[in-house]
Structure formats: structure tokens, C-alpha cells
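One structure is given below, encoded as C-alpha cells.
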Amino acid sequence: VQLQASGGGLVQAGGSLRLSCAASGRTFSNYDMGWFRQAPGKEREFVGVISWSGGSTRYASAVKGRFTISRDNAKNTVYLQMNNLKPEDTALYYCAAAVRYTGGEDHAYDYWGQGTQVTVSS
């Protein structure tokens, strides 16, 4: 499956952004979809994941309560709504697809998008 992330940009602290990840090539609803991020000089970290049906989500503690993942299987798209953004949320954000996996280990994800940059100014 091919993944294309979009929606990144520059926002002030306290603001919001919604990232999208459009999938093509295979049956989107077969995949659990994760979001990860990587800040300069840091390792890639798990942000959250949504199950193939949308019925289950998990979030990293750093974003819980501020970020929400949703998906629209009819549109082959997964979303990451980010509210109350903080400067420490600045990173390159990636979407990824996995089969029967809703964890935070990046090596378990089979397909990756190219990333979209989110920059939060203080």
C-alpha cells in the first residue's frame, strides 16, 4: 500500500492542525494505521494507532487528550487531529500501515508514508 501524508505546517503554540494520510494500492480497511514522529536529533517515536475498523485507538502518553486519530475507510484516509499543540510537538510526522498490529513498535509496520513537517512556534 502507498501512503501519502499531508497537512503539516507552521502553527503557534496552542493551535491545531489536522494531518491526513491517503492510502492507495491495496485494501485500506485491511490495515491498522499508526502515526509516528521524529524530531531533529531524536529517534522516531510512536504517536498513536487506530485499528482497521476504527473501533480502537491507542495514544502515547505525551499526546493523549490532545491528539485524536480517526479514519474513513470509504475515502482510504486516516487523520491525526492535533489540538493544543506545543513546541515539543515539532517533528516530521509519518503515517504507517500494519496488519493485525496496534502497538507502538515501528518495526512492526509494513508500509510508511513520506512524512509531513509540523512546526510549533512558542
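Hydrogens, waters and symmetry mates play no part in the numbers below; they use all other heavy atoms, side chains included. Since the model is a prediction, treat every value here as computed from it, not as a measurement.
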Are any side-chain N or O atoms of D32 and backbone N or O atoms of R100, one a donor and one an acceptor, separated by less than 3.5 Å?
yes
Among all residues two or more places apart in sequence or in another chain, which pass the ring-ring contact (aromatic ring centres under 6.0 Å, His included) test with Y101?
Y109
Give me the atom names and distance for the closest heavy-atom approach of L3 to A23.
CD2-CB, 3.6 Å
Check: Y79/R18 side-chain N/O donor and acceptor closer than 3.5 Å:
no
Can you confirm whether L85 sits close enough to L17 that some side-chain heavy atom of one is under 4.5 Å from a side-chain heavy atom of the other?
yes
Does T119 use its side chain to pair, donor to acceptor, with the backbone of L10 at less than 3.5 Å?
no
To the nearest 0.5 Å, what is the distance between OG (S24) and CD (Q4)?
8.5 Å
Side-chain contact, heavy-atom cut-off 4.5 Å: K86 with R66?
yes
Compute whether any side-chain donor of one residue and acceptor of the other, for N83 and S16, lie under 3.5 angstrom apart.
yes
Would you check if the side chain of T77 reaches a backbone N or O of K75 as a donor-acceptor pair within less than 3.5 Å?
yes
Just to verify, what does F28 make a ring-ring contact (aromatic ring centres under 6.0 Å, His included) with, not counting sequence neighbours?
none
Taking all atoms of both residues into account, what is the closest heavy-atom pair of S29 and R71, and its distance?
CA-NH2, 4.1 Å
Examine Y59 and W35 and state if one hydrophobic cluster contains both, with Ile, Leu, Val, Met, Phe, Trp and Tyr joined whenever side-chain heavy atoms are less than 4.5 Å apart.
yes
Keeping T68 on the side-chain end and Q81 on the backbone end, is there a donor-acceptor pair under 3.5 Å?
no
Interatomic distance, OG@S56 vs CD1@I50, rounded to 0.5 Å, equals 8.5 Å
When rounded to the nearest 0.5 Å, the distance separating OG1 of T57 from CE of M33 is 14.5 Å
In terms of hydrophobic clustering (I, L, V, M, F, W, Y; side-chain heavy atoms under 4.5 Å; direct or indirect links), are F46 and Y111 co-clustered?
no
Kindly compute the distance separating NZ (K42) from OG1 (T90), expressed to the nearest 0.5 Å.
10.0 Å
With a 4.5 Å cut-off on side-chain heavy atoms, are Y94 and Q114 touching?
no
With a 4.5 Å limit on heavy-atom distance, are the side chains of R37 and V118 in contact?
no
Minimal heavy-atom distance between A39 and A91, with the atoms involved, is N-CB, 3.8 Å
Kindly give the heavy-atom pair with the smallest separation between L19 and M82, and that separation in Å.
CG-CE, 3.7 Å
For W112 and F36, take the angle between the two ring planes, folded into 0 to 90°, and tell me which bin it lands in: parallel under 30, tilted 30 to 60, perpendicular over 60.
tilted
Passes side chain to side chain contact (heavy atoms under 4.5 Å, CB included), I69 versus V78? Steps please.
CA-CA 7 Å; I69 300 175; V78 62; 3.8 Å; yes
Can you tell if the side chain of Y93 reaches within under 4.5 Å of the side chain of V47, non-hydrogen atoms only?
yes
Taking all non-hydrogen atoms of both residues into account, name the closest pair between P87 and A13 and its distance.
CD-CB, 4.1 Å
Is there a side-chain contact between L92 and T116, using heavy atoms and a 4.5 Å cut-off?
no
Is there a side-chain contact between W52 and V99 (heavy atoms, below 4.5 Å)?
no
Verify same cluster id: L80, V63 (apolar side-chain graph, 4.5 Å):
yes
